[in-house]
Each structure stands twice: as C-alpha cells, then as structure tokens.
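Contents: one structure, followed by commentary.
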Amino acid sequence: MKLVQETPFRFRIERHGPMRVPGVVFTTPDLLPEEEALRQVANVATLPGIVRASYAMPDLHWGYGFPIGGVAATDVAAGGVVSPGGVGFDISCGVRLLAADLLREQLAPRLNRLMDELDLATPRGLGRGGVWPLPGSAQLGRVLREGARYAVEQGHGVPRDLDRCEDQGAVAGADPAQVSGRAVERGAVQVGSLGSGNHFLEVQAVTEIYDAEVAAAFGLRLGQVCVMIHCGSRGLGHQICSEHVRSMDKAMARYGIHVPDRQLACAPVDSPEGRAYLGAMAAAANYGRANRQLLSEAARRVFERVTGAALDLVYDVSHNMAKLEEHDGHRLCVHRKGATLALPPHHPGLPADLAPFGQPVFIPGTMGTASHVLTGVADGPAFHSTCHGAGRVQSRHQAARSIQGRDLRDRLEARGIAVRASSWRGLSEETPTAYKDVDAVVAAGVGAGLCGNVARLVPLGVVKG
DNA sequence: ATGTCC
C-alpha cells in the first residue's frame with residue numbers, strides 16, 4: 001500500500017483497486033499504526049457514496065471493520081450507506097468533564113475518603129447491573145427518546161447541564177421500536193453504570209493551561225479539581241450493533257453492495273435497513289447520554305457530602321456516532337468511530353456563551369498519564385472531527401501479560417494516584433504502556449489543524465470499570 | 001466495547 005507523506009501531519013493513501021476516494025491519515029511518522037489499520041482506512045474508502053476521503057485521526061488503530069479513529073462521510077442522495085461498524089459496538093461511548101469549585105490542595109486531605117465513596121457510588125464491571133432507581137423497563141422508552149433530558153426532568157441534574165451536552169442531551173430520530181426486546185432487556189438493568197474495559201470515572205487536576213481565554217470560557221483554571229467520566233451504552237448498544245450488522249450483512253447483496261470485509265456490512269441510509277439502524281443507534285445514543293448524566297449525579301452527591309464542592313458540567317461529547325449533517329449543501333451521513341465532533345467557533349450547534357471559542361472536546365488519556373481538553377477550530381479538514389483518546393498499541397492480552405493488576409495499582413498509588421478497581425485483570429489490561437503517548441497524539445491533532453489544545457489534566461484518583 | 005460464541 002502506497003502511503004505518501006503530504007505535510008508534517010498528513011499522510012495520503014492513494015486510490016487503488018475498488019477505493020472510491022483516497023485515504024487521509026492525520027498523524028506523525030512515530031504515531032503511525034500497524035499496517036492492518038491502514039488497510040482498514042483503505043477498505044472504508046470503497047463504501048458506496050463516500051465523499052472526499054476516508055479519514056483517520058492520530059489515535060488510529062485496528063478495529064471491527066472500520067479502524068478506531070476513523071471518519072467517513074457518505075452522500076445520502078448519492079446512495080450513501082450507513083454502517084454499524086463505522087460507529088462501533090459501544091454506540092455513543094463518550095466523555096464528560098465536570099469542574100469542581102475546589103483546588104487540589106484543598107482536596108488532598110480528603111482524597112482517600114472521596115475515592116472510597118465514589119467507589120461505592122459508581123456501579124460498574126462486566127455485566128453487573130448497577131441499577132438506578134430511575135427507570136423500570138416501562139420508563140426505558142423515555143430514556144431511549146429523551147436521553148439526558150429525561151434524566152434531568154426526573155431530577156437527576158439541573159437544566160444548565162443540558163446546555164452543556166452535545167445535542168442538548170438527546171439525539172433526534174430515536175426509534176425505540178427498532179430496539180429489540182433483547183437489547184431492552186439488557187439495557188433496562190444497566191442504566192447508570194460505568195461498564196468495564198477503558199471506561200472510568202477519574203478525579204483529576206488541571207496542571208497546564210495552553211489557551212487562557214478558552215480555558216476561562218470553559219470554566220477551567222490551574223489547580224482545579226475536575227471529574228472526567230468515560231462510558232457508553234453498555235449491553236444495549238452492543239446488542240443493537242450486533243443485530244444490525246447481521247441484518248445488513250444479509251441485505252447487502254440485494255442492494256448490489258460489495259465490500260472487501262464483511263465487518264463493513266452496510267445499507268443505504270435511505271433504505272429500511274439503514275433507517276432501522278439509525279433509529280436504533282439514536283436510541284442507544286440517548287441511553288449513553290442518560291447514563292453519563294446519572295453517573296454525574298452520583299458523583300455530585302459524593303462531592304457535596306465529602307468536600308462541600310459543587311460540580312459544574314463543562315461539556316459532554318460522544319466519540320462513537322453517525323450523524324446526518326449538512327456539508328457544502330449536501331446531506332451527509334458522517335461516521336465517527338473513536339473520533340469526536342469538534343464544532344468550530346460560531347457554529348449554530350454551540351451554546352451562545354461558548355460560540356466564540358468552539359466546542360469543548362475531551363481526550364481521556366490513560367490512568368497513569370494525562371487527559372486533555374481541546375476545542376474545535378475553524379476549517380477543520382475532516383468534517384469537524386478530531387481524535388478521541390490515546391489509542392491502543394498493545395492488545396488487552398499483551399497488556400495483561402505485561403503486569404499484574406495489583407502491581408499496577410501499587411505503582412500508581414506510589415505516584416499519588418488513588419486506585420479503586422473493579423477487577424485486577426481489567427486494571428492490568430489498561431496499563432498506561434498499552435497506549436500511545438496522549439500528549440503526542442494531541443500535538444499531532446493540533447499540528448494537523450483538527451483542534452486547539454486548551455488544558456491538560458492529571459489523575460488524582462481513578463474509579464476503574 | 002461486550003452476558004469476550006447464537
């Protein structure tokens with residue numbers, strides 16, 4: 001495969017074989033991933049209706065069909081397709097940041113107690129329920145339609161929270177009728193739970209401010225304590241993805257669609273299968289947003305009790321979504337998988353007070369390193385998208401073999417990071433050495449013109465899924 | 001990511 005470096009932060013995969021557009025990878029030579037991920041970028045470029053390029057962010061790595069860190073837009077009017085693999089199994093997985101009215105030195109004497117209480121208050125782990133009193137399964141329909149808005153309406157949050165959520169807390173077009181009974185069954189008992197894998201709730205502190213004006217507008221200052229929550233749509237999103245991949249895999253031949261990898265199963269956006277998936281995907285997206293809202297409320301109650309400090313929502317973003325967006329007069333289905341929407345300054349989708357500064361974006365790093373706050377910039381080259389995390393370099397298996405969970409906990413604690421894990425195996429799979437350097441990933445994103453860097457945060461304590 | 005295989 002021919003990879004041409006076009007600028008210090010931009011590589012091009014020339015069109016070859018059935019590719020309809022080129023591949024464009026925003027990265028640096030030392031962040032370039034395994035060949036297989038680049039192959040996936042090229043495979044995505046064969047999808048019917050794809051426009052401009054198959055894009056990849058600096059945290060690019062191998063995924064199911066589509067690479068993680070991939071952005072692909074299809075033109076709906078030109079037979080453009082939607083593909084569940086372009087969103088990922090964890091539909092609407094995302095990140096929110098809450099800022100405490102508290103400095104890290106004020107928290108220090110109470111950190112351990114705070115972490116103990118967050119540990120108890122955060123349902124998590126594989127399969128394990130983590131049920132919230134909010135919905136019985138009868139109320140799940142409202143969660144699927146109204147997302148975080150329903151949670152706030154029920155008293156789990158304040159109206160201002162919704163101004164600080166992408167899509168004001170609920171995606172339009174959710175169709176609970178397209179969510180199977182199995183998905184509902186799995187989802188009903190997991191509302192308000194963190195999950196496992198790389199999902200976490202961290203107490204962090206702001207250690208660097210790169211853009212003082214934007215940081216102030218986001219409500220962030222040096223030394224401030226924050227809470228970052230990274231989670232998704234749990235078994236419900238997983239079930240929906242599996243079912244719709246299967247249905248599209250069967251339907252593709254009828255639409256005359258041929259893809260180089262069955263994991264790219266897709267159907268025209270404007271088809272029964274396409275509409276069914278998008279309706280179910282939006283429902284899962286709303287579930288994910290309600291989930292993050294409820295976990296925020298749990299954290300707020302703990303903070304209030306232990307420190308007396310309030311937590312203000314800075315923003316909430318998804319990094320696994322497909323959205324119907326207007327670009328240059330065309331209605332496009334923009335898939336972002338392990339990639340974050342980053343609206344530029346003055347975009348109508350921004351709340352008025354953030355309009356001059358662009359949309360906040362959060363990049364969760366790894367447990368031992370750092371996380372970043374970014375902002376959307378004008379003229380973003382990939383449909384206003386940027387990276388979503390550090391990006392894996394080791395498989396879960398490799399990571400787990402490299403260190404015992406208890407040893408990792410000890411090492412982190414020795415560096416002053418309080419760890420509350422739900423499983424030792426899960427903790428070892430998330431060892432910081434399994435990931436790229438998040439600072440380098442962010443620098444590549446900034447260099448490529450995808451985003452601006454606003455602030456850096458380091459973990460004080462981690463509640464691990 | 002995920003009742004780590006319907």
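Values reported hereafter were calculated over all heavy atoms of this structure, with side chains retained and with hydrogens, waters and symmetry mates removed. Bear in mind that the values here come from a model prediction, so they are computed numbers and not experimental data. In the text below, chain A, chain B and the rest are named by the order of the sequence lines, each starting its count at 1.
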| task | Could you tell me whether the phosphate oxygens of dT2(B), OP1 or OP2, come under 4.0 Å of any side-chain nitrogen or oxygen in Ser242(A)? | result | no

| field | Short side-chain N/O contact from Arg234(A) to OP1 or OP2 of dT2(B), under 4.0 Å | value | yes

Tell me what [X] touches on the nucleic acid: a base, only sugar-phosphate, or nothing, going by heavy atoms under 4.0 Å.
| X | value |
| --- | --- |
| Gly235(A) | sugar-phosphate |
| Gly237(A) | nothing |
| Arg182(A) | base |
| Ile91(A) | nothing |
| Gly88(A) | nothing |

In chain order, what residues pass the side-chain contact (heavy atoms from CB on, under 4.5 Å) check against [X], with sequence neighbours excluded?
| X | value |
| --- | --- |
| Ser318(A) | Ser92(A), Glu166(A), Arg289(A), Arg292(A), Met321(A) |
| Val21(A) | Ala45(A), Ile50(A) |
| Arg425(A) | His397(A), Ala400(A), Ser423(A), Glu429(A) |

Rounded to the nearest Å, what distance is computed from the [atom1] atom of residue [X] to the [atom2] atom of nucleotide [N]?
| X | N | atom1 | atom2 | result |
| --- | --- | --- | --- | --- |
| Glu243(A) | dC5(B) | CD | P | 17 Å |
| Leu126(A) | dT4(B) | CG | C1' | 8 Å |
| Gln190(A) | dT2(B) | CD | P | 8 Å |
| Glu185(A) | dC6(B) | CD | C1' | 15 Å |
| His397(A) | dT2(B) | NE2 | P | 20 Å |
| Glu430(A) | dT2(B) | CD | P | 11 Å |
| Tyr64(A) | dT4(B) | OH | P | 16 Å |
| Asn320(A) | dT2(B) | CG | C1' | 13 Å |

| query | For residues 38-56 of chain A, which residue pairs qualify under side-chain hydrogen bond (donor to acceptor under 3.5 Å, both in side chains), counting only residues two or more places apart or in two chains? | reply | Arg52(A)-Asp328(A)

| query | Tell me, which pairs form a side-chain hydrogen bond (donor to acceptor under 3.5 Å, both in side chains) where one or both residues lie in residues 440-457 of chain A, sequence neighbours left out? | reply | His372(A)-Asn453(A), Asp439(A)-Arg456(A)

| Bracket notation of DNA chain B in which parentheses pair within the strand, [ ] cross earlier pairs, and | pairs with another strand (Watson-Crick or G-U, under 3.5 Å) | ......

| remark: Residue pair Asp90(A)/Arg246(A) against DNA chain B: nearer the 5' end by closest nucleotide is Asp90(A)

| query | Does the gap between the ring centers of His388(A) and His230(A) come in under 6.0 Å? | reply | no

| message | For Phe89(A) together with Tyr64(A), are the ring centres under 6.0 Å from each other? | response | yes

